[in-house]
Protein chains: 2
Amino acid sequence: MATTPPPPVKNSLLKLESQICFPVYAVSRLITKAYQPLLQALDLTYPQYLVFLLLWEHEQLTVKELGEKLLLDSGTLTPLLKRMEQKQWLSRRRDPRDERSVIIALLPAGRALEAQAQQIPLQMLDKMQMSEAEITALRTHLTHLLTQLA
Amino acid sequence: MATTPPPPVKNSLLKLESQICFPVYAVSRLITKAYQPLLQALDLTYPQYLVFLLLWEHEQLTVKELGEKLLLDSGTLTPLLKRMEQKQWLSRRRDPRDERSVIIALLPAGRALEAQAQQIPLQMLDKMQMSEAEITALRTHLTHLLTQLA
DNA sequence: CAAAAATAAATTGTGCACAATTAAACATTA
DNA sequence: TAATGTTTAATTGTGCACAATTTATTTTTG
């Protein structure tokens with residue numbers, strides 16, 4: 001009795017489920033969505049929150065420094081920072097000693113947000129339901145990938 | 001001799017470097033950038049490539065099915081699929097048996113792209129420089145997070 | 001010093017990503 | 001079956017994200 005030929009095996013590397021890239025892409029968007037209700041209470045978007053994490057730590061930074069730390073360019077940062085400036089969270093001014101640079105400095109309203117953001121990291125950790133060990137392992141692999149691709 | 005008081009320790013959870021979320025966000029964008037030169041040769045964006053991965057495997061899917069698999073809604077997919085339709089890569093038509101659904105079907109020009117995309121996964125693996133074990137571990141942690149957040 | 005090169009932001013244009021709303025088709029049920 | 005509710009896309013509006021270009025300033029170099 002003749003057997004039917006085996007079905008042609010698709011190049012499994014071209015399947016969505018074989019990709020490592022898709023989970024990264026999907027998880028990244030899901031994380032942003034998980035932040036959303038927490039950040040909405042502060043009238044913040046996720047990239048704006050990242051800018052604040054840096055400003056709460058450093059008080060003031062140039063656009064270039066923000067870009068280096070966040071891996072974003074001025075095409076993204078300039079309009080984002082203008083929106084944050086409009087809300088009086090930060091100031092944008094040229095560095096008098098090098099007029100090419102723009103210094104972004106925290107304003108009182110921006111500094112005040114830090115207190116309201118205190119709970120966010122723990123709330124996110126709670127949503128993610130990952131052990132300390134898992135998080136460390138994940139971060140290790142991701143930072144490896146990051147240095148590989150940056 | 002009086003010791004200086006310890007510097008006030010910033011809530012380390014509110015530092016960018018403590019966050020697991022930032023590496024995911026940054027790596028996701030870096031991966032997209034790494035794909036860019038490879039996909040540009042096929043006139044594709046990364047989300048369009050993801051749609052093709054599914055269509056190459058399934059030949060035709062509804063917008064709803066694409067959305068479920070990619071975790072994207074019609075607000076993102078409709079304009080994206082219209083652009084792909086304009087390039088004659090796929091067709092969009094209502095399902096005659098349920099006019100609410102729109103069936104996305106591969107067209108010859110879209111099917112032809114599969115051959116040209118064959119090399120992409122290996123080229124990406126090469127760029128990422130990760131061992132099989134690392135990739136598996138990373139995917140495991142990410143899919144865990146994905147189910148946790150989805 | 002003047003010309004050329006490099007640097008830092010801003011601008012322009014395209015394409016996601018998503019919340020919120022709308023519209024149409026279908027399913028359920030009173 | 002008419003009214004109600006559900007499902008599926010499309011639409012609208014906002015905010016990234018990034019490539020490519022432009023502008024202004026500073027640095028380097030011939």
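Reminder, nothing fancy here: chain letters follow the sequence lines and each chain counts from 1. Side chains are part of it too, since the values below use all heavy atoms of this structure and drop only hydrogens, waters and symmetry mates.
The side chain of B:R100 approaches C:dA25 more closely than any other nucleotide in the set C:dA19, D:dG15, C:dA25. Of the candidate nucleotides D:dA10, D:dT8, D:dC16, D:dA10 has the atom nearest to the side chain of B:R94. Taking the side chain of B:S101 as heavy atoms from C-beta on, and the options D:dA9, C:dA9, D:dA17, the nearest nucleotide is D:dA9.
The aromatic rings of A:F22 and A:Y25 lie tilted to each other, with the angle between the two planes from 30° to 60°. Relative orientation of the A:Y49 and A:W56 rings is perpendicular, given thresholds of 30° and 60° on the angle between their planes.
Atom CG in B:L44 sits about 18 Å away from atom P in C:dT14, given to the nearest Å. Atom pair B:E65:CD and D:dT7:C1' shows a separation of 14 Å (rounding to whole Å applied). Spacing between atom CD of A:Q36 and atom C1' of C:dA20 amounts to 12 Å, rounded to whole angstrom units. Rounding to whole angstrom units, CG of residue A:D95 and P of D:dT26 are separated by 9 Å. Atoms CD (A:Q40) and P (D:dG15) sit 13 Å apart, rounded to a whole Å. Rounded to whole Å, atom C1' of C:dA10 lies 15 Å from atom CD of A:E99. One interatomic measurement links the two molecules: NZ of A:K64 to P of C:dA6, which rounds to 15 Å at whole-angstrom precision. Rounded to an integer number of Å, the gap from A:L30 CG to C:dC18 C1' is 12 Å.
Between A:T45 and A:L39, the closest side-chain pair of non-hydrogen atoms is not below 4.5 Å. Proximity of B:L138 to A:L145: side-chain heavy atoms (C-beta onward) are separated by under 4.5 Å at one or more points.
Listed by residue number, the members of residues 67-85 of chain B with any heavy atom below 4.0 angstrom from DNA chain D are B:S74, B:G75, B:T78, B:K82.
Using a 4.0 Å heavy-atom cutoff across all strands shown, A:T32 reaches no nucleic acid atom at all.
Hydrophobic clustering of Ile, Leu, Val, Met, Phe, Trp and Tyr side chains at less than 4.5 Å, counting indirect connections, keeps B:L107 apart from B:L81.
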Checking A:E68 against A:K64 for the salt bridge (charged side-chain N to carboxylate O under 4.0 Å, His left out) test, could you report, in this order, the C-alpha distance in whole Å, the side-chain angles of both residues, the deciding distance, and whether it holds? CA-CA 6 Å; A:E68 282 169 355; A:K64 177 182 164 58; 2.9 Å; yes

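Residue B:R92 places no side-chain N or O under 4.0 Å from the OP1 or OP2 atom of D:dA9. Between B:Y25 and D:dA17, a side-chain N or O to OP1/OP2 separation shorter than 4.0 Å is present. Within the 4.0 Å cut-off from OP1 or OP2 of D:dC16, at least one side-chain nitrogen or oxygen of A:Q48 is found.
Of the two residues near DNA chain C, A:D98 and A:K33, the one whose nearest nucleotide lies more 5' is A:D98.
Across all their heavy atoms, A:P121 and B:Q19 have their closest contact at CG-NE2, 4.2 Å.
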